[in-house]
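What follows is a set of notes on a single structure, which appears directly below.
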Amino acid sequence: MLLLEQILNGLQLGVMLFLLAAGLTLVLGIMNLVNLAHGSLYMVGAFIAASAAQWTDSFLLGLLIALPATALVGIAVEAIALRHLYDRDHLDQVLATFGLILFFNEAVAMIWGPRALFLDPPSWLSGAVEILPGAPYPAFRLAILILGLGVAGFLYWLVARTRLGMLIRAGASNREMVGALGVDIKRLYTLVFGLGAMLAALAGVMAGPIYAVETGMGEPVLILAFVVIVIGGIGSIRGALVGAVLVGTADTLGRAFLPGLFGAMMGPAAASGVGAALASMAIYILMAAVLVWRPRGLFPAHG
Amino acid sequence: MNLRRALLFGGLAFALLLPLLAGALGLDYAVGIATRILILALAGIGLNLILGYGGMISFGHAAFFGLGGYVVAILSRHEMRGEPFMTWPFEVAGTDQAILAWPAAMLACALAALVIGAISLRTSGLYFIMITLAFAQMLFFFFVSLETYGGDDGLSLLSRSAAGPLDLHDPAQFYYLVLVLVLIALLATARWANARFGLALQGIRDNERRMRALGFATTRTKLTAFVISGAIVGLAGALMVNHTEFVSPAFLSWQRSGEILVIVVLGGMGTVFGPLAGAVVFFMLEEVLSQWTQHWMVIFGPLLVLAVLFAKQGLWGLVAAKLDRRG
Amino acid sequence: MAESLLKVTGLTKAYGALVACDGVDLDIAPGEVHAVIGPNGAGKTTLIGQLAGELRPDSGRVSFAGRDITHLPIHVRSARGLARSFQITSVFPRFSALDNVALAVQAHAGGNFRFWADARKDSTLRDPAFACLERVGLAARAKVPARVLAHGEQRQLELAMALATDPRLVLLDEPTAGMGREDSARMVTLLTGLKGKIAMLLVEHDMDAVFALADRISVMVGGRVIATGRPDEVRANTEVRRAYLGEDEIA
């Protein structure tokens, strides 16, 4: 039963990572832009939702306000700063978006104060559901999982089946061509960026009740999303989904079981330390293994 | 050329006299600040080797900075407690001797860089940036979960390293030792930039495909540079833990990696003195801005964006261009 | 004919449904200038990529100086004496002309792990490099940064770099690409001077250059070699006339 619970936890982390990685990988693939500030949008989404939920006394309203608001923030950031970076080399992009992270983390601390906020799940999701007889699971986590899977399915449909998705995919593998075919690249970029920001915000809102809403919350998750993209392959939605689920489950299961496993093998005192250390490194070792096997990720979108 | 030389000798004289000046003016804390700047510059010099001369954008060099620091702190703690650091397969005792601990820190970093480099250099471009960042994060979490050595809270260095006749607890003596190491690193940079190794590395930066066609085994050259770079940054970490007498996972944080990157680019990539100029300016900016507001990053962040958009050559690059024009 | 220097058998490379190289056979004797011509998209660049080692063939064999090199990496091929020049000029823009060639000399002189001695004062690199510049007529421009050289000069520099690796065979990918008539003629003169000393595989669109230089010509169409022979034989070959001139009329 513990195993089932941990697998669900892993899937749920994976779903969250997918929401973040999906926007990131599209921006990477289509605009060839490393946007370190993507994690900031995740944080901004969580903060706006927490505040809005407090004012309106409703989690759902908080969510509904946070999504478009964060999309607007994202579009503004694109228009003010990132647009000028598309033609720059990756180093410029890294530095400038690093500057944006510093700005956002500090700005959020100035607006909301240095202390962490808490975002309570709606009361009708605060209980537990019995997924199997004798195996209760928090309803909110289950709701995240279902919502996340739904959004993932929708995204998949959007990218794989619609005209917009076709343009996005074409843009990810051949930018010049799409431009040459007379598509308004600027609008496509803005659209993709807004969509990415909204997905990041959704991930942030979903994380709110589980982790603390605080400044700097974006970057550890952002780096995990990078690991997801490296595993999945830049520009590939399918890769992002597979990578996210792999990373989510590997991380959660590793943390849950590796310390115990080593404890059984080597005796508890020294070994749980080793186990904990290894568990925290599990996903990076996974990434390294994938890279040795396939340097361009599992589903490379480019040539 | 004369102006350049005057600038260099002036700077050197200032650096040599700084502890005396500070003492005379009653600004004793300035020596500590200068030491800190020099240590950051040394980390920048290490990164500059691969970033400036090799074109490899590592966003994970704080890993080596922190690892170097931890090696010194851990060895020192074992020495204090009289417990060996490891007993299998051979016994390694703790030590507080700089002559042993600092090279050990560099060696550990070189090994880590060898592994990380061997994997991440299979890729390039975007992947390389993300992978170096990820590996640094891995070591960050490794030290967070390492309860034996303080975990999240970090580890204190009870006493600075013993360095023969030098007493590193004396700010001036520590400062001079760091200064000498930085000068050696600067000289080494100036030499290898024009040696066969450096020219090969710069050729790879500019056009790796062409270099392979000419017959260079480019991956080997890049990996060598990556390993040396890691070792230098590790030495900087070993010095920093002596300076702060404390090490924590924050030494390995992604912010620190970003800082080192900013120092190199701000100063001027692929120039000998760029990292030094970058470290000075970075620290000054931090000082000035943080006196103005505690939320100085809210200003520094956008400044960085503007600098990237409008002043790409870096400071030393601008100065060097001016000097070259004057001949 | 003497024993061949480069022997290519059944070289095949496909990109999805497009077969860019379809069972190509090729023989080049030591010192021979062998031109490969054909309309755009005939697979010439793919062929050069596979010979240089940048592309991995799907099947087939490449042997050089009697040894199989099909699976060797680029830099090892170069060390064995197989050099290439690029269609798009690939000189190192920040380095001087002499630096560029010295780097090419260094590629085979080794010592890439020397960290201290100033390579720009190393006569074992600089002297042979300067000799190569003289050979291509660029000695007067030795100190000029490569990025400010004229296009024709950059092509000459490109050739000097290939020569500096002391090759037995040079793969020349359109050496006169983008050149005016005068530069083009100078390049042909240069290459003529090398005839007989170094074998060359020449991919070229300028037919004057091809017929002036080539000992033998292979004609590629749609990934296949449809004819190989002396220039006059190829000129007279009916299949070639149909395929090649036919294409020309459309273009």
Side-chain angles (χ1 to χ4, degrees), chain B residues 45-46 49-50 52-55 110 114 121-122 184-229 231-232 268-272 313 317 320-321 324, chain C residues 48-49 51-54 72-86 88-96 99-122 124-125 146-147 157-158 161-167 170-171 173:
Chain B
I45 291 169
L49 172 60
I50 62 158
Y53 294 100
L114 184 66
L121 286 173
R122 292 172 61 82
I184 292 174
L186 287 174
L187 177 64
T189 309
R191 296 300 308 192
W192 71 40
N194 293 305
R196 290 190 187 198
F197 174 75
L199 292 182
L201 197 59
Q202 290 167 69
I204 292 168
R205 173 192 65 196
D206 289 346
N207 193 341
E208 184 169 0
R209 182 173 170 220
R210 185 72 176 107
M211 288 296 277
R212 271 206 299 269
L214 284 178
F216 284 94
T218 55
T219 308
R220 217 177 300 161
T221 304
K222 287 199 297 186
L223 186 57
T224 308
F226 196 82
V227 168
I228 297 173
S229 165
I232 295 172
M269 289 186 298
T271 62
V272 174
Q313 299 158 282
D324 284 342
Chain C
I48 285 217
L51 297 182
E54 286 183 344
L72 287 185
I74 305 167
H75 63 271
V76 180
R77 294 180 195 221
S78 165
R80 296 250 175 106
L82 180 61
R84 76 166 295 186
S85 78
F86 287 82
I88 300 162
T89 307
S90 308
V91 296
F92 299 98
R94 304 190 225 191
F95 287 165
S96 73
D99 284 346
N100 268 275
V101 187
L103 204 54
V105 176
Q106 184 188 329
H108 292 229
N112 297 328
F113 296 98
R114 281 188 210 158
F115 297 92
W116 202 259
D118 192 336
R120 289 199 171 91
K121 293 185 179 139
D122 187 339
T124 58
L125 300 178
R147 65 169 182 278
L157 179 58
E158 179 85 39
M161 289 165 77
L163 294 179
T165 61
D166 198 16
V170 188
L171 308 172
D173 197 353

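Please read these numbers as outputs of a predicted model, since none were measured by experiment. In what follows, chains are A, B, ... by sequence order, proteins preceding strands, each numbered from 1.
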- Task: Taking the side chain as every heavy atom from C-beta outward, state whether C/F86 and B/N207 have any atom pair closer than 4.5 Å.
- Result: no

- Item | Region of C/A102 in contact with chain B, defined by heavy-atom distances below 4.5 Å | neither

- Output the option from C/R80, C/H108, C/R114 having the highest count of non-hydrogen pairs under 4.5 Å with chain B. C/R114

- Query: To the nearest 0.5 Å, how far apart are CD in B/Q202 and CZ in C/F92?
  - Reply: 11.0 Å

- What part of B/A188 gets closer than 4.5 Å to chain C, counting heavy atoms only: side chain, backbone, both or neither? both

- Query: Quick one: are B/T218 and C/H75 in side-chain contact, heavy atoms under 4.5 Å?
  - Reply: no

- Item | Aromatic plane relationship, C/F113 with B/F197 - under 30° parallel, 30 to 60° tilted, over 60° perpendicular | tilted

- What residue among C/N112, C/D118, C/D122 forms side-chain hydrogen bond (donor to acceptor under 3.5 Å, both in side chains) with B/R196? C/D122

- Contacting moiety of B/I228, where chain C heavy atoms sit under 4.5 Å: side chain

- Item | C/T165, part contacting chain B, at a heavy-atom distance under 4.5 Å | side chain

- Under a 4.5 Å cut-off applied to non-hydrogen side-chain atoms, are C/L103 and B/L199 in contact? yes

- Message: Looking only at heavy atoms and a cut-off of under 4.5 Å, which of C/R84, C/R120, C/R94 has the most pairs with chain B?
- Response: C/R94

- Note on the structure: The salt bridge (Lys or Arg N to Asp or Glu O under 4.0 Å) partner of C/E54 among B/R212, B/R209, B/R210 is B/R209

- Query: With respect to chain B, which residue among C/G110, C/A117, C/A52, C/P167 yields the maximal number of heavy-atom pairs within a distance under 4.5 Å?
  - Reply: C/A117

